[in-house]
Amino acid sequence: MSLAPPVPETNVLAVASHVVSGNVGNKIAVFTLQSMGCEVAALNTVQFSNHTGYRQWKGTRVSAQEIRDLWDGLRQSYLDDFDMMLSGYVPGAAAVEAVGGIAKELRAKAKADKGHEGRFFWVLDPVMGDNGKIYVAEDVVPAYRNLVPYADLILPNQFEAELLSDVKITDSASLEQAIAVLHERYNIPHIVITSVSLPLKGSQAPSVSNSRAQSPVQSVPPSTKTMSVVGSSMTSSRKPRLFKIHFPVFDGYFSGTGDMFAALMVTRMREAVHHDDAAAAASTPAGGLLLRDTASWLSADSVDVLDLPLAKAAEKVLASMHEVLARTCEAMVVELRRAVEARGGSDKVDSETVHLLRSRSAELRLARNLECLRNPEIEYRAEKM
């Protein structure tokens with residue numbers, strides 16, 4: 001098996017949170033991107049001891065001015081030549097606008113390079129909330145709405161897609177409407193809604209109950225739920241080209257999955273476009289426009305939905321996610337049991353301590369599972385909607 005990185009040489013600016021311990025935000029994004037062969041510059045928007053899922057942490061958030069200062073420092077030393085940008089959690093509307101200013105500057109440089117408008121690609125994860133609740137300041141929502149038109153690919157969850165589109169997603173029809181609104185309103189080329197929990201047309205979602213009571217050290221029960229990723233690359237007239245990928249969900253709460261998904265989408269999108277360009281160059285006369293030189297890497301209208309780079313990238317991303325989560329579930333059972341027993345057993349450990357130990361054991365296992373990132377086995381395939 002080839003040890004060569006799956007992507008060509010790629011410089012990425014990763015803007016997200018940072019934790020001293022654990023795998024979320026830039027901690028997971030930088031590792032994932034570097035493991036896939038990218039050079040990464042990390043601009044950290046918070047510095048926390050651990051992620052907030054522990055319900056206790058220490059640390060600070062950066063200000064909008066500090067973000068601008070860090071960017072100015074990169075620029076003055078000629079360290080601002082990036083092929084791609086990934087942005088995740090940003091604290092506050094002013095900081096979101098500062099991050100957007102960086103992306104706009106990089107976008108302007110790409111547009112000025114005529115014939116190579118695709119030399120910069122921005123993947124935006126508009127982190128605002130989940131499960132019907134906003135967990136950022138209210139003014140962050142309009143700040144993201146102002147920035148979305150400058151991105152190439154956005155990765156909202158179902159709730160964030162509702163916030164951006166003003167469409168309540170309750171079924172397949174409203175989901176398709178929300179994506180159509182996002183393409184039309186914002187002219188956003190690529191969309192992946194990362195966690196669609198409702199049943200979709202043509203997808204059978206099992207509803208098996210599991211009534212076993214869990215002790216603090218019980219094994220993670222078998223998955224009984226399913227979810228979907230739904231994506232679209234628009235046509236030249238801003239019409240959706242929709243696909244879905246249906247997959248089982250591991251029971252339990254795992255922080256950092258969205259950050260891992262986003263980082264993998266950066267590399268797999270780059271890989272898919274590079275592969276398509278290589279195939280096109282081998283079968284067509286020289287002189288044709290390569291996809292990587294096309295603004296936003298947007299495929300021609302004639303390209304079938306399942307042949308879109310976005311669909312092929314999403315398949316590989318979910319394959320890696322599934323394998324890493326499976327390994328994490330296996331390891332967390334052993335680690336949690338050992339940690340509880342070291343404190344005298346489940347009868348001696350209070351509920352708050354159990355929560356902290358469970359949070360620690362549920363940190364995503366990446367360092368010893370690089371093969372899951374680079375060479376996953378694809379089990380769940382994209383389907384047309």
Side-chain angles (χ1 to χ4, degrees), residues 5 7-16 26 29-30 33-34 36-45 62 64-88 90 93-126 143-155 186-191 233-234 236 238 262-263 265-274 276-277 287-299 309-310 313:
V7 296
E9 289 191 14
T10 305
N11 293 325
V12 181
L13 174 62
V15 184
N26 257 353
V30 171
L33 290 165
Q34 289 178 331
M36 300 292 278
C38 298
E39 296 292 343
V40 188
L43 199 165
N44 298 325
T45 58
V62 303
Q65 187 57 52
E66 287 172 314
I67 291 173
R68 286 190 286 266
D69 287 344
L70 290 169
W71 174 245
D72 287 343
L74 291 175
R75 188 170 47 190
Q76 72 183 12
S77 298
Y78 306 107
L79 300 173
D80 59 342
D81 185 21
F82 295 104
D83 304 296
M84 303 184 74
M85 176 171 163
L86 169 62
S87 59
V90 182
V96 168
E97 292 167 359
V99 171
I102 297 172
K104 290 176 183 178
E105 185 175 326
L106 291 169
R107 166 76 65 237
K109 287 172 58 178
K111 283 187 175 181
D113 188 3
K114 298 299 182 182
H116 300 278
E117 288 86 348
R119 66 183 297 267
F120 174 69
F121 192 95
W122 179 20
V123 178
L124 167 61
D125 184 0
Y144 271 121
R145 285 175 172 167
N146 290 334
L147 282 188
V148 167
Y150 297 92
D152 300 288
L153 165 61
I154 60 170
L155 304 173
Y186 299 107
N187 194 29
I188 179 72
H190 307 282
I191 301 164
S233 292
M234 71 179 186
S236 57
R238 303 190 188 182
M265 277 302 303
V266 168
T267 58
R268 292 307 187 184
M269 190 69 178
R270 176 81 159 175
E271 176 194 36
V273 169
H274 180 72
D276 283 4
D277 280 346
L289 185 64
L290 297 174
L291 187 55
R292 67 172 176 264
D293 292 327
T294 303
S296 298
W297 302 346
L298 198 54
S299 302
L310 189 67

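No experiment lies behind these values; they were computed from the predicted model shown.
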Evaluation steps, side-chain contact (heavy atoms from CB on, under 4.5 Å), between Lys104 and Leu147: CA-CA 9 Å; Lys104 290 176 183 178; Leu147 282 188; 3.9 Å; yes
Flag side-chain contact, heavy atom, 4.5 Å: Met265 against Leu310: yes
Close side-chain approach of Met85 to Leu124, heavy-atom, < 4.5 Å: no
Of Val30, Leu33, Asp83, Val7, the residue whose pairing with Val12 passes side chain to side chain contact (heavy atoms under 4.5 Å, CB included): Leu33
Residue that, paired with Thr10, satisfies side-chain hydrogen bond (donor to acceptor under 3.5 Å, both in side chains) out of Arg270, Glu271, His274: Arg270
pair Ile191-Tyr186: side-chain heavy atoms closer than 4.5 Å: no
Residues, nucleotides or ligands: over 12 heavy atoms within 6.0 Å of Glu39 CD: no
Taking every non-hydrogen atom, the tightest pair across Gly100 and Trp122: CA-CH2, 4.4 Å
Got a list of side-chain donor-acceptor pairs under 3.5 Å for residues 114-121, not counting sequence neighbours?
from	atom 1	to	atom 2	distance (Å)
His116	ND1	Asp293	OD1	3.1
Glu117	OE1	Gly115	N	3.3
Arg119	NH2	Asp81	OD1	3.4

Side-chain touch Trp71/Asp80, heavy atoms, less than 4.5 angstrom: yes
Stepwise side-chain contact (heavy atoms from CB on, under 4.5 Å) check, Asp152 with Arg107: CA-CA 10 Å; Asp152 300 288; Arg107 166 76 65 237; 2.5 Å; yes
Nearest atoms (heavy-atom pairs only) where Tyr144 meets Gly88: OH-O, 3.6 Å
Side chain to side chain, Arg292 and Asp276, heavy atoms closer than 4.5 Å: no
Straight-line distance of Leu153 CG to Ile188 CD1, nearest 0.5 Å: 7.0 Å
Taking every non-hydrogen atom, the tightest pair across Ala64 and Ala98: O-CB, 3.8 Å
Close side-chain approach of Val15 to Ile102, heavy-atom, < 4.5 Å: no
Heavy-atom pair with the smallest gap, counting every atom of Ala95 and Ile67: CB-CD1, 3.8 Å
Residue pair Val99 / Ser87: nearest heavy atoms and the distance that separates them: CG1-CB, 4.1 Å
Exam field: side chain Asn26 to backbone Ala14, donor-acceptor pair closer than 3.5 Å: yes
Euclidean distance, Met269 CE relative to Met84 CE, rounded to 0.5 Å: 8.0 Å
From CG (Leu86) to OG1 (Thr267), nearest 0.5 Å: 10.0 Å
Crowding at NZ, Lys109 (>12 non-hydrogen neighbours, <6.0 Å): yes
Student check: side-chain heavy atoms of Glu97 and Asn146 closer than 4.5 Å: no
Any residue meeting salt bridge (Lys or Arg N to Asp or Glu O under 4.0 Å) with Arg238, in chain and number order, not counting sequence neighbours: none
Any donor-acceptor N/O pair, Asn187 side chain to Pro149 backbone, under 3.5 Å: no
Validation row: Pro309, Leu291 side chains within 4.5 angstrom (heavy atoms): yes
